[in-house]
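Take a look at the following structure, please.
Order of appearance sets the numbers: ligands from 1, and atoms from 1 within every ligand. Here the structure is a predicted model, which is why all the values come from computation and not from measurement.
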Amino acid sequence: MSVLTELYEEIANCRDCELAKHRTKVVPGEGPEDAELLFIGEAPGWYEDQQGRPFVGPAGAFLNQLLSSIGLSREQVYIANVIKCRPPGNRDPLPAEIQACRKWLDHQIEIIQPRIIITLGRYSLARYFPNESISKIHGKARKEGKVVCYPMYHPAAALHQGSLRQIIEADMLRIPGILQQAESMAEAPAAAQQLRLTLD
Ligand code: URA
């Protein structure tokens, strides 16, 4: 059994917050253990709760389109959420629920060690940049320790607010270039210095 599969079993048994009582299925996340890109959404919605898979509803269909705009399929990237169980009625996750669930995503990140973490929406943004507003920092990559963090709007926001659609599409198109920079950073320390300059 892979390390991630073992982790999924632990997550499926989690009862650390009230959301466990309401879920149909836990939604741990999915994707290859060696994914270079890790996308982090907010929490499962109705479709995800039914299927136990992240981003399989309308927001997921849009995420798939965005991925194909950079020549990727969802099988090539890792997709997870800040919260692993659906909040009733799709309400916003509570701070205590986010805190209780934090360890699972921490483990996933340790195992996968992605080159870029792409935050989708404000809850995953807050994990890295709690005092920043998404309207100011979307589409700007920043180095956070060993990983590059890249904030984007949530695909569902673009579905509800048409004006965000072009913005999220344009932000997605920047990812291949950032990945290339992140790769050269890992290969050559001198490039790391340069990346810091371009990313800041
Ligand atoms: N929205 C999210 O943030 N995550 C999902 O898995 C689905 C919709």
How close does the nearest protein non-hydrogen atom get to atom 4 (N) of ligand 1, and which residue and atom is it?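 That would be Asn81 OD1, 2.8 Å.
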With heavy-atom distances below 4.0 Å as the criterion, list the atoms of ligand 1 near Glu42.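 Every atom of ligand 1 under 4.0 Å from some heavy atom of Glu42: 2 (C), 3 (O).
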Short list, please: which atoms of ligand 1 are under 4.0 Å from a heavy atom of Gly41?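 Here the atoms of ligand 1 in question are 3 (O).
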Salt bridge between Glu144 and Arg127, side-chain N to carboxylate O under 4.0 Å?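 Salt bridge: no.
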Does even one non-hydrogen atom of Gly60 get within less than 4.0 Å of ligand 1?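 No; Gly60 lies far enough from ligand 1 that no heavy-atom distance drops under 4.0 Å.
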Could you check whether Phe62 and His154 have their ring centres less than 6.0 Å apart?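 No, they do not, as the ring centres are separated by 6.0 Å or more.
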Quickly, which of Arg23, Lys21, Arg91 forms a salt bridge (Lys or Arg N to Asp or Glu O under 4.0 Å) with Glu97? Name it, please.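 That would be Arg91; it is the only one of Arg23, Lys21, Arg91 passing the salt bridge (Lys or Arg N to Asp or Glu O under 4.0 Å) with Glu97.
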Geometry only, no angles: is Pro54 polar-contacting ligand 1 at N/O separations under 3.5 Å?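 No, there is no polar N/O contact under 3.5 Å.
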Is His154 in contact with ligand 1, taking contact as a heavy-atom separation below 4.0 Å?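 It does; at least one heavy atom falls under 4.0 Å.
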Which segment of Ala156 sits under 4.0 Å of ligand 1 when only heavy atoms are counted: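 None of Ala156 does.
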Ion pair check, Arg122 and Asp92, cut-off under 4.0 Å: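 Yes, charged N to carboxylate O under 4.0 Å.
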So does Lys136 pair up with Glu132, basic N to acidic O under 4.0 Å?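 No, Lys136 and Glu132 are not salt-bridged.
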Quick one: which of Gly57, Gly29, Ala43, Ala59 has a heavy atom closest to atom 2 (C) of ligand 1?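 Result: the heavy atom closest to atom 2 (C) of ligand 1 is in Ala43.
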Before accepting this row, confirm whether a basic side-chain N of the pair Lys103/Glu10 lies closer than 4.0 Å to the acidic partner's carboxylate O.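 No, no charged N to carboxylate O under 4.0 Å.
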